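Structure first, commentary second.
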Amino acid sequence: MNRRTVLAIAVGAALMLAGCTGTGGTSKGADAKAPVDPSKVSGTITVLTQRTDLVQDGTMKKYAAEFNKTYPKVKVEFQALTNYETEVKIRMNTENYGDVLMIPAVIKKNDYPKFFASLGTEAERSKKYRFTDFTTVDGKVYGQSPIGVTPGFVYNKKVWRDAGITEWPTTPAEFIADLKAIKTKTDAVPYYTNFAAQWPLTSWTYVNGSVHCDTQATTKLAEGDPWANGSDLRVGDKLLYDVVHDGLAEKDPTTTNWEESKPRLAKGEIATEWLGTWAIIQYQDAAKQAGTDPDDIGFMPFPAQVDGKFCAVVSPDYNQAVNVHSKHKEAARAWVDWFTDKSGYDKDNLALSPLKNSSLPTVLKPYEDAGVKLIELDDSAGARVKLLDDESEVGIYKPDYRQDLVDLARGAKKGDLDGFLDDLGKKWTDAQQTVGS
């Protein structure tokens with residue numbers, strides 16, 4: 001999976017300030033009903049995708065060929081967009097934004113009915129699928145992610161073993177101690193920030209919920225101070241600060257290189273990076289290309305436990321939706337359903353299936369063995385959180401404030417950590433007063 005996947009959702013939220021008007025009001029509330037007879041579904045549909053890599057290497061065409069075995073009268077055409085969020089935002093000021101598309105972060109949740117056709121009620125779809133509340137407006141679901149992802153540390157197991165570490169750290173203090181052992185006993189960079197690429201820093205927001213195993217973590221962002229003492233975001237941001245402040249990251253964050261970090265971690269030159277399950281297959285491929293063992297690529301949860309158990313948040317990747325203006329809604333809906341249920345996209349990407357009755361992917365077998373609890377956050381307050389983020393200009397889904405945090409930690413910016421985080425909290429709570437309930 002390339003970088004423009006689950007993390008692009010966070011980066012794309014930066015575009016919210018620009019707004020998106022669209023022309024969707026005339027078809028508000030339209031449904032894209034599930035096909036009854038595949039042999040009668042016809043039409044040519046355009047599918048917009050951020051997966052430029054899969055279009056270029058022919059993988060998406062192979063999916064379409066399999067789809068046509070069930071829906072022979074539907075022609076699927078793909079348009080891969082390099083800068084997905086920006087390009088789709090422009091298109092959505094017209095009615096011409098494909099028949100199927102990934103819902104861009106710029107669209108406010110309450111506006112989904114203006115742009116997308118309903119896939120059915122949440123009461124019904126939630127029986128079969130995960131993540132339905134992330135796209136639910138007034139009881140109807142407007143998008144479905146084909147995979148689920150969870151944040152965590154991608155790490156080189158051999159490097160960690162060479163440093164004498166055989167167990168996952170259970171607290172931030174243990175994590176720092178382990179990185180110090182890696183620095184002392186190996187030649188690897190203990191932690192790599194991917195500062196220059198910017199977007200990887202946004203993944204630290206997805207610590208939220210894991211620290212206290214709290215399914216209401218998003219609601220707490222909407223109602224309180226995200227950086228209050230002991231809060232999930234403060235714990236996560238402090239850990240990032242301490243890693244950099246203690247000299248456990250690369251010497252010059254401004255020179256980091258995302259693409260180069262993959263073979264470097266695979267070869268043991270880098271020990272650890274905070275990313276997500278979507279990255280595992282990329283690092284394993286990098287190991288194969290580098291002639292090292294793909295099994296050395298490990299994945300560990302955030303170093304915090306509740307009642308002796310780790311906890312990890314599972315979230316949707318980009319959600320596929322049907323354009324409310326599509327002339328072939330039935331065919332578009334057929335593609336969304338088939339791609340979610342039958343394509344094998346989840347297995348091909350070593351990701352969690354959105355189907356509730358599915359088993360965990362093999363890459364999460366260590367999680368299963370360790371009894372890591374996987375939770376989904378209640379997203380009913382998600383729209384308000386994005387509004388507060390916009391109003392406060394904090395940018396929890398943007399890279400800027402964590403770049404400032406890294407600069408603060410390495411001495412390139414004046415100030416102290418507590419003052420920095422307290423200032424973020426004040427901006428956020430002031431915005432709560434402005435926005436109201």
Side-chain angles (χ1 to χ4, degrees), residues 6 8-10 12-13 15-34 48 85 88-89 91-95 97-146 148 215-223 314-326 329-330 332-333 335-337 339-340 354 356 376-391 396-397 435-437:
V6 62
I9 298 174
L15 297 169
M16 288 181 66
L17 290 171
C20 189
T21 55
T23 59
T26 57
S27 300
K28 184 175 180 179
D31 294 332
K33 296 181 179 179
L48 305 187
E85 291 280 340
V88 173
K89 172 187 176 294
R91 289 193 185 198
M92 292 185 73
N93 285 297
T94 72
E95 295 181 3
Y97 45 94
D99 298 282
V100 177
L101 68 158
M102 308 296 182
I103 297 179
V106 69
I107 305 300
K108 294 179 180 179
K109 188 174 181 179
N110 290 339
D111 287 339
Y112 285 179
K114 297 179 182 179
F115 299 98
F116 313 116
S118 165
L119 302 178
T121 66
E122 201 224 355
E124 187 60 33
R125 288 187 63 83
S126 63
K127 296 176 184 177
K128 181 178 180 180
Y129 298 105
R130 295 182 172 102
F131 317 129
T132 53
D133 61 332
F134 282 82
T135 62
T136 296
V137 179
D138 294 332
K140 287 190 174 184
V141 178
Y142 291 89
Q144 178 63 56
S145 176
T215 60
Q216 295 300 310
T218 301
T219 303
K220 289 181 178 177
L221 292 183
E223 297 176 350
V314 179
S315 304
D317 193 13
Y318 264 129
N319 289 282
Q320 280 195 317
V322 175
N323 183 346
V324 74
H325 305 289
S326 172
K329 289 188 182 67
E330 190 176 31
R333 170 64 185 271
W335 172 262
V336 171
D337 287 352
F339 198 77
T340 303
K356 284 187 169 180
E376 295 177 38
L377 302 188
D378 179 351
D379 196 57
S380 57
R384 176 173 170 79
V385 170
K386 286 187 176 181
L387 181 62
L388 289 170
D389 197 36
D390 186 4
E391 182 69 28
I396 62 173
Y397 301 112
V435 171
S437 58

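Bear in mind that the values here come from a model prediction, so they are computed numbers and not experimental data.
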- Message: Using the rule given for side chain to side chain contact (heavy atoms under 4.5 Å, CB included), can you reason through Lys356 versus Tyr129, listing the C-alpha separation, both sets of side-chain angles and the distance that settles it, and then say yes or no?
- Response: CA-CA 5 Å; Lys356 284 187 169 180; Tyr129 298 105; 5.8 Å; no
- Task: Determine, stepwise, if the pair Val100 / Val336 fulfils side chain to side chain contact (heavy atoms under 4.5 Å, CB included).
- Result: CA-CA 8 Å; Val100 177; Val336 171; 3.9 Å; yes
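- Note that CG of Asp378 and OG1 of Thr215 are 7.0 Å apart. Values are rounded to the nearest 0.5 Å.
- Note that OH of Tyr397 and NZ of Lys386 are 6.5 Å apart. Values are rounded to the nearest 0.5 Å.
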- Query: Hey, mind stepping through Arg125 and Leu119 against side chain to side chain contact (heavy atoms under 4.5 Å, CB included) and telling me if it holds?
  - Reply: CA-CA 8 Å; Arg125 288 187 63 83; Leu119 302 178; 4.0 Å; yes
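- A side-chain donor-acceptor contact under 3.5 Å links Ser145 to the backbone of Asp317.
- Among Thr132, Thr135, Val322, the one residue that satisfies the side chain to side chain contact (heavy atoms under 4.5 Å, CB included) test with Gln144 is Thr132.
- Judged purely by distance below 3.5 Å, without hydrogens or angles, the side chains of Thr219 and Gln216 pair a donor atom with an acceptor atom.
- We find the CG-CG distance between Leu48 and Asp99 to be 8.5 Å, quoted to the nearest 0.5 Å.
- Between Met92 and Pro104, the closest side-chain pair of non-hydrogen atoms falls below 4.5 Å.
- Shown here for Tyr97 and Phe115, the closest heavy-atom pair between the two residues is OH-O, 2.9 Å.
- For the pair Lys329/Lys33, no side-chain contact is recorded, criterion being any heavy-atom separation below 4.5 Å from C-beta on.
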- side chain to side chain contact (heavy atoms under 4.5 Å, CB included) evaluation trace for Lys109 with Val137: CA-CA 7 Å; Lys109 188 174 181 179; Val137 179; 4.2 Å; yes
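- Looking at Ser326, its side chain never comes within 3.5 Å of a backbone N or O of Asn323 through a donor-acceptor pair.
- Taking all atoms of both residues into account, the shortest heavy-atom contact from Val324 to Lys114 is CG1-O, 3.4 Å.
- Annotation for Glu376 and Phe131: closest pair OE1-N, 3.5 Å, computed over non-hydrogen atoms.
- Residue Ile396 comes nearest to Val385 through the heavy atom pair CD1-CG1, 4.1 Å, listed as atom of the first residue, atom of the second, then distance.
- A salt bridge links Asp337 and Arg333; the closest N-O separation between the charged side-chain nitrogens and carboxylate oxygens is under 4.0 Å.
- Ion pairing of Lys140 with Asp31 is present here, as a side-chain N (NZ or NE/NH1/NH2) and a carboxylate O approach within less than 4.0 Å.
- Across all their heavy atoms, Gly143 and Ile103 have their closest contact at CA-CD1, 4.1 Å.
- Summarising the geometry, atom CZ belonging to Phe116 is positioned 10.0 Å from atom NE2 belonging to His325; distances are rounded to the nearest 0.5 Å.
- Distance check, rounded to the nearest 0.5 Å: CG of Leu101 to CG of Asn319 gives 10.5 Å.
- Without hydrogens or angle criteria, Thr121 side chain to Glu124 main chain gives a donor-acceptor distance under 3.5 Å.
- Asp133 approaches Glu122 most closely through the heavy-atom pair CB-OE2, 3.6 Å.
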